[in-house]
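Some notes on the structure that comes next.
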Amino acid sequence: MIPQTPTVVYQNQSQTVWWVIAVCLAVIATALVVRSDRDGGLLDRAMAQSTSAGAHGVFAFSGQMTKNSYGVYMVDVDTGTIWCYEY
């Protein structure tokens with residue numbers, strides 16, 4: 001008796017999902033390029049570039065606090081305060 005190899009039959013699956021994803025990505029890319037900011041749009045300046053000089057707000061940094069513990073350091077530059085959370 002000769003052993004038979006299994007035959008895999010592929011069904012014709014619709015490519016609709018891939019077309020929906022492609023269309024959604026195209027809409028998002030178009031919206032990013034043509035959107036209108038108060039500064040005139042995406043092409044006028046980098047997205048991460050601030051319009052005012054200096055930093056504002058609260059910043060969080062992770063770091064080692066002791067030999068066996070880590071935590072989060074938080075800095076509020078507006079009020080000049082720093083606080084830590086140990087995990």
Side-chain angles (χ1 to χ4, degrees):
M1 184 171 185
I2 300 172
Q4 295 180 354
T5 58
T7 305
V8 178
V9 178
Y10 292 103
Q11 296 177 353
N12 289 336
Q13 295 179 350
S14 176
Q15 299 292 329
T16 305
V17 173
W18 297 110
W19 281 108
V20 169
I21 292 172
V23 169
C24 289
L25 289 174
V27 168
I28 292 169
T30 303
L32 286 174
V33 171
V34 298
R35 72 182 182 147
S36 173
D37 286 327
R38 61 179 176 200
D39 295 330
L42 182 66
L43 300 177
D44 289 346
R45 64 182 179 98
M47 293 180 79
Q49 193 175 25
S50 176
T51 57
S52 62
H56 299 287
V58 177
F59 297 94
F61 306 96
S62 62
Q64 188 169 1
M65 300 185 90
T66 63
K67 183 178 179 182
N68 296 323
S69 67
Y70 293 87
V72 177
Y73 297 95
M74 302 191 70
V75 178
D76 186 355
V77 294
D78 294 331
T79 60
T81 57
I82 183 170
W83 64 98
C84 306
Y85 294 105
E86 182 178 354
Y87 293 107

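Numbering of residues begins at 1 and proceeds along the displayed sequence.
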Suppose clustering is done on Ile, Leu, Val, Met, Phe, Trp and Tyr with side-chain heavy atoms closer than 4.5 Å. Which residues sit in the same group as Tyr70?
none

Tracing side-chain contacts under 4.5 Å among Ile, Leu, Val, Met, Phe, Trp and Tyr outward from Leu25 reaches Val17, Trp18, Ile21

Closest approach of Cys84 to Tyr73 (non-hydrogen atoms, all atoms of both residues):
SG-CD2, 3.1 Å

If you take all heavy atoms of Asp78 and Gly57, which pair is closest and at what distance?
OD2-N, 3.3 Å

Hphob cluster co-occupancy, Val75 + Tyr85, side-chain heavy atoms under 4.5 angstrom:
no

Check this for me: Phe59, atom CZ, are more than 12 non-hydrogen atoms of other residues, nucleotides or ligands nearer than 6.0 Å?
yes

Should we count CH2 of Trp19 as having more than 12 external heavy atoms under 6.0 Å?
no

Interatomic distance, Ser69 atom OG to Gln64 atom CD [nearest 0.5 angstrom]:
7.5 Å

Given side chains that start at C-beta, do those of Phe61 and Ile82 come closer than 4.5 Å, heavy atoms only?
no

